[in-house]
Number of protein chains: 2
Amino acid sequence: MAGAVIELGSGSSSSPGQANRGVAVLDFILRVVGIVATLASAIAMGTTNESLPFFTQFIRFRAKYNDLPTFTFFVAANSVVCAYLVLSLALSVSHIMRSGAQKSRVVLIFLDAAMLALLTAAASAAAAIVYLAHKGNIRANWFAICQQFNSFCERISGSLIGSFGGIVVFILLILMSAVTLSRRP
Amino acid sequence: MAGAVIELGSGSSSSPGQANRGVAVLDFILRVVGIVATLASAIAMGTTNESLPFFTQFIRFRAKYNDLPTFTFFVAANSVVCAYLVLSLALSVSHIMRSGAQKSRVVLIFLDAAMLALLTAAASAAAAIVYLAHKGNIRANWFAICQQFNSFCERISGSLIGSFGGIVVFILLILMSAVTLSRRP
């Protein structure tokens with residue numbers, strides 16, 4: 001009985017199988033894009049280091065990313081997500097081979113959702129601190145440090161781009177996996 | 001033909017259908033939990049307001065949540081996510097009725113993933129600022145404001161709990177939708 005349903009499905013629809021393979025290839029490409037984006041973010045933030053050529057009235061005259069714990073978390077989270085994406089390439093390749101796999105797709109959706117949360121947490125926490133560095137906050141007496149550390153601020157602002165690109169990649173990956181699961185192979 | 005397949009499906013598999021219905025009920029309950037959690041977060045943060053009984057050497061002697069733009073974003077994002085969850089209850093109920101629905105589940109997974117990203121962004125950005133309010137940062141000359149604003153700090157710290165609960169709810173919702181999609185009805 002179940003066999004009849006499957007035959008019906010696969011007989012009438014060889015194009016869904018093809019389409020699933022196309023989606024699997026797109027999934028692979030998106031994961032590679034995500035690897036590049038998160039790796040670039042981690043490296044850009046992790047190598048940030050500015051020494052001012054003069055001494056100010058304060059003692060500090062040097063800014064590094066790990067002066068602020070949020071940026072350390074940002075580098076760590078981007079590295080973890082990048083490593084996860086590299087490992088998930090193996091599953092992605094197996095989906096290109098066997099387009100009917102179901103359970104591994106469910107596992108991927110769950111892990112993708114967890115990594116989406118981790119990457120978003122890192123990116124938006126860093127963005128909150130970058131905003132503070134640019135604008136400061138008068139009510140809390142927190143001063144904008146970007147007036148002194150110009151290139152430091154440009155670097156940390158730029159390194160957010162890769163992470164936010166990675167967030168979009170993950171939302172697309174989850175959508176594509178869901179579409180593939182909903183189609184009967 | 002489609003009607004025949006659906007009849008076949010519902011006839012041959014009453015136990016997967018039952019299981020799907022159980023998952024759909026759990027989905028409904030989790031959404032209600034999420035509504036309560038995000039609403040509590042939004043209200044707890046939105047009503048935060050502390051006036052100090054004395055004047056300090058600084059001009060400020062009053063702390064409100066909207067002194068910091070991150071907290072305004074936190075309240076807005078939690079309200080949006082709460083409203084989305086209320087609206088999604090309608091789809092959730094329709095899934096309890098018709099356990100074989102596929103397309104609406106894909107739409108829900110996509111929207112859930114987007115809302116997961118929004119809620120995580122709000123919660124972790126607020127957490128980054130709360131951490132700064134508690135600890136301050138010596139290198140950036142940002143002072144901990146929690147020594148002056150005690151109950152303000154307790155309130156904003158507590159209001160994060162609901163949001164992080166909401167994040168867990170969304171990851172579970174995505175997982176459950178994916179499991180249901182992978183089962184043939």
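Throughout, a chain's letter reflects where its sequence line sits, starting with A, and its residues are numbered from 1.
The contact between Leu116(A) and chain B is made entirely by side chain atoms (from C-beta outward), counting heavy-atom distances below 4.5 Å. For chain B, the nearby parts of Asp67(A) are the backbone and the side chain; heavy atoms of each come within less than 4.5 Å. Of the atoms belonging to Phe170(A), not a single heavy atom falls under 4.5 Å from chain B. Interface remark: Leu118(A) contributes no atoms to any contact with chain B (heavy atom separation under 4.5 Å). Contact annotation for Ala127(B): neither backbone nor side-chain heavy atoms come within less than 4.5 Å of a heavy atom of chain A. Of the atoms belonging to Leu172(B), not a single heavy atom falls under 4.5 Å from chain A. Using a 4.5 Å cut-off between heavy atoms, Leu132(A) touches chain B through backbone and side chain atoms alike.
Between the side chain of Ser88(B) and the main chain of Leu85(B), a donor-acceptor pair closer than 3.5 Å is present. The backbone N or O of Ile156(B) sits less than 3.5 Å from a side-chain atom of Ser159(B), completing a donor-acceptor pair. Side-chain N or O atoms of Arg21(B) include none that pairs as donor or acceptor with a backbone N or O of Arg98(B) at under 3.5 Å. Side-chain atoms of Ser182(A) do not come within 3.5 Å of backbone N or O of Gln102(B) as any donor-acceptor pair.
Options Ile171(A), Asp112(A), Leu119(A) differ in how many heavy-atom pairs under 4.5 Å they form with chain B, and the most are formed by Ile171(A). Highest contact tally toward chain A, considering only Phe110(B), Phe143(B), Trp142(B), is held by Trp142(B) [criterion: heavy-atom pairs under 4.5 Å]. By number of non-hydrogen pairs under 4.5 angstrom with chain B, the leading residue of Ile109(A), Asn137(A), Val179(A) is Asn137(A). Taking chain A as the reference chain and counting heavy-atom pairs below 4.5 Å, the highest number among Ala117(B), Ala126(B), Ala114(B) is found for Ala117(B). Residue with the most contacts toward chain B among Ile167(A), Thr70(A), Ile129(A): Ile129(A) (heavy-atom pairs, distance under 4.5 Å).
Below 30°, between 30° and 60°, or above 60°: for Phe71(B) and Phe152(B) the angle between ring planes is above 60°, a perpendicular geometry.
For the residue pair Ser157(A)/His134(A), the side-chain donor-acceptor check at 3.5 Å is satisfied.
Side-chain contact between Leu181(B) and Arg105(A) is absent, with no heavy atoms from C-beta onward closer than 4.5 Å.
A single hydrophobic cluster is not seen to contain both Leu87(B) and Met97(B); linkage of ILVMFWY side chains at heavy-atom distances under 4.5 Å, directly or through other members, places them apart.
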